[in-house]
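Just so we're clear, the structure is a prediction, and the values are computed from it rather than from any experiment.
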Amino acid sequence: MSSRTAHLDIRGMSCANCSRTVGDALEALDGVSEATVNFATDEGTVEYDPEEVSLAEVYDAISQAGYDAISETRSIGISGMSCANCADANRRSLESLPGVVDAEVNFATDEAVVTYNPADVTLDDLYQAVEDAGYTPIRENDGDDGSDGDAGSEREDARDVARNEEIRRQKRLTLFGAALSVPLLVMLAVELFTAGGLPATIPGTEIPMGWLAFALATPVQVVLGREFYANSYKAIVRNRTANMDVLIAMGSSTAYLYSVAVLLGLLAGSLYFDTAALILVFITLGNYLEARSKGQASEALRSLLELEADTATLLSDDGSEREVPLDEVEVGDRMKVRPGEKIPTDGVVVDGDSAVDESMVTGESVPVSKEPGDEVVGSTVNQNGVLVVEATKVGSETAIQQIVSLVKEAQGRQPEIQNLADRISAYFVPAVIVNALVWGSVWFLFPEALAGFIQSLPLWGLVAGGPAIAGGSVSTFEFAVVVFASAVLIACPCALGLATPAATMVGTTIGAQNGVLFKGGDILERVKDVETVVFDKTGTLTKGEMTLTDVVALGPAADGSGVVTADDEALDETAVLRYAASAERNSEHPLARAIVTGAEERGIDLSDPEAFENVPGHGIRATVDGQTVLVGNRKLLSDDGIDPSPAEDALRALEDDGKTAMLVAVDGELAGIVADADEVKDTARAAVSALRERGTEVHMITGDNERTARAVAAQVGIDPSNVSAGVLPEDKADAVESLQSDGTKVMMVGDGVNDAPALAAAFVGTALGSGTDVAIEAADVTLMRDDPQDVVKAIRISEGTLSKIKQNLFWALGYNTAMIPLASLGLLQPVFAAGAMAFSSVSVLANSLVFRTYKPDHDYSLFDFLRR
């Protein structure tokens, strides 16, 4: 079954119940295998089979659920069509693009109208689809999609535009509501705090003062309340569920309709027009602040894209220079980068020496020296020398674009702890409504008993109506209405729904800013639970740059022609190295390359092997100048009938020094030993020490022999009993699974290539990247730097994020646990309940935003972290 993944921006969600509703609607579609919807980021990720369900049906399902998935519609001129079949060919080509919702192509007008998901499709993709169909698109350079347009122009994508418009809309509504509610607030203050209170009628008229309150509150009810009423209708009628909008609509309309009934003389009691209006103003203000906070939470991620260069200086073959927009750079182009300029795209240095500030990608504040042959990352800053860089990745393939893509995907995958909030939210609103109905009824039926109980509480002074009931100044029905409105308004599933995704959004962004990329929020949560870290040796704890260090000669000699003789004289070191290096010339293994490079540096003339065979995990077999040459470990020689024991003492001495020693046999006879060494990384010991201080067990796994492995382990501080040596690449996964067989949660740290099976088998697979290779499929976590200390950084980010999530959940649940009983007992006015409800959501987001200052290279104490 083919599968596609659509990344959608969804508007209209107001709480976790909304995201659950959208997710359920999508997963109900035949062909949808998984749907993840994130209320905090207004995003959804849908995996579906395009042969069973179309993207248009996915959009329709979201619309039927009462929400909107962001799409764009574009008109594209097409030349070259001559009949309706041409139009149909273009339509099918456009609709075959993942992310295209619908395409209509008109042969008569030479035009295609395409509706597409801007998160997955660009205008250039649409142009390419037309070209793939064999026709010519009429390109327009207007910059609407953020990839075309004049250099240096604003590059806001559809999400930014929609979010900014939402912020402006909520601000306008808040100001409108506040303008009409301030007079109501003044009237309330006069009534409460002056001896005479409000006059019975509007001064100079016979119109009761209540009609002025009605005139002020009604526009607020219509303009601000319309959205809540509409969303409530969709939730109840279409989706057969209830969300936060239902609670707001019920609370506000209860106060408003009760007041209208009193104003018309249908009921006896007080007017609550001020309460009805202020409820909507407070909630709308909360929505405005919430929208702003969401934008701020993703601001750091957007700022990464803003760091991209706008233009590039291309060098022609004749040495001339020309400045072009970034999107015109192609793979293979050579770019000149002057001091202080941004490197336009990922590439490799072909000329020049300089230092490059890579902090925006790796989190490393110290500039990195670059010389010909070194890789550079797009958007990093050249410091002090002119570089000529050949582009290797452009557009969406660059590291910065991959980082943003990975982080967006990570923010769409929520931690398991979110399931707790989702389960609570699913039943929360109905339970709140039932609770409000029960307590409203109880207050109506047993007012004196409850008022007497309330009078015994220390919170008596805050009672909204209990003493009034006791004194007979408020009717039992009126107070039952007040209790009902307060009880539905005080509850806030919104805060509960924001608790996890808001912190996850910030945590994944902190990771990206520090060169730590989590594949998902679920991975971000999982990392903190790691009990054992298993490091691969080569390229992880060591630099992975092997150097030839020793050549030991022992074995038969060769005559002047280089042919091995049968006498007992040993080959000299030059001959041993010549045979070994010639045999290894066709191998790409780091050990082999070190031997060949070492021989070339010594000026030895090498031969091309006449035959070559790689023996995985053991060495190589080759034919050099008619002689069979073996280079490898003891088992390789033993399997060929050659006794390695005469070299045992020399082998052990080299291995005890942490060197990788390889036996060399020529024509069936032991000839000598060559040894390579891989320098341990400067930070490896500090990383191991930090992990052990945290109570994490540290292991090392390697294909090297036991002695070499133990020598390296001793240098970095790993217990010898935790070393697994001589492990073949395909067996590393078995070694990891063996460690996990008793339930131990293992993080495997490797280079993401030979270690891929082990990375996939581990509880958490962590790959050390090169700075440009960030999309390592087998890994759950990718570290942009080749620094093992970043493993500790990843764990700290995970712990910090989960601590922040728990703080948010504690606040959200604690708030509801404390406030719902107060409202149920009549201790809160509805207007205060609405204000508290709005404040709770904003406080959860604010608490998450504070987390942006978290520094993963600092080991916070519990007090420090709580204080932050």
Could you walk me through whether Asp125 and Thr122 pass side-chain hydrogen bond (donor to acceptor under 3.5 Å, both in side chains), step by step? CA-CA 5 Å; Asp125 294 331; Thr122 66; 3.2 Å; yes

Let's go through Met784 and Val377 carefully: what are the C-alpha distance in whole Å and the side-chain angles of both, what is the deciding distance for side chain to side chain contact (heavy atoms under 4.5 Å, CB included) to 0.1 Å, and is it a yes or a no? CA-CA 11 Å; Met784 293 293 290; Val377 183; 5.6 Å; no

Apply the test salt bridge (charged side-chain N to carboxylate O under 4.0 Å, His left out) to residues Arg169 and Glu227: give CA-CA distance (whole Å), side-chain angles for both, the deciding distance (0.1 Å), then the verdict. CA-CA 12 Å; Arg169 188 178 73 87; Glu227 179 179 345; 3.1 Å; yes

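Phe763 carries Arg526 over the face of its six-membered ring, with the cationic atom under 6.0 Å from the centre and within 45° of the normal.
The minimum heavy-atom distance between Asp120 and Ala6, with the atom names listed, is OD2-CA, 3.2 Å. Residue Glu57 comes nearest to Ser54 through the heavy atom pair OE1-N, 2.8 Å, listed as atom of the first residue, atom of the second, then distance. Ala61 approaches Leu29 most closely through the heavy-atom pair CB-CD1, 3.8 Å.
When side chains are defined from C-beta on, Leu173 does not count as touching Leu280, because their heavy atoms never get closer than 4.5 Å. The side-chain heavy atoms of Ile167 and Tyr288, taken from C-beta on, include a pair separated by under 4.5 Å. Side-chain contact between Asn847 and Trp811 is absent, with no heavy-atom pair separated by less than 4.5 Å. Side-chain atoms of Tyr48 and Leu55, non-hydrogen and from C-beta on, do get closer than 4.5 Å to each other. The closest side-chain heavy-atom distance from Gln740 to Met748 is not below 4.5 Å. With a 4.5 Å cut-off on side-chain heavy atoms, Thr801 and Val506 do not count as touching.
Side-chain atoms of Ser252 do not come within 3.5 Å of backbone N or O of Ala249 as any donor-acceptor pair. Put simply, the side chain of Asn117 gets close to the backbone of His7: a donor and an acceptor are under 3.5 Å apart.
In this structure, Lys528 places its NZ atom where more than 12 heavy-atom neighbours from other residues, nucleotides or ligands lie under 6.0 Å away.
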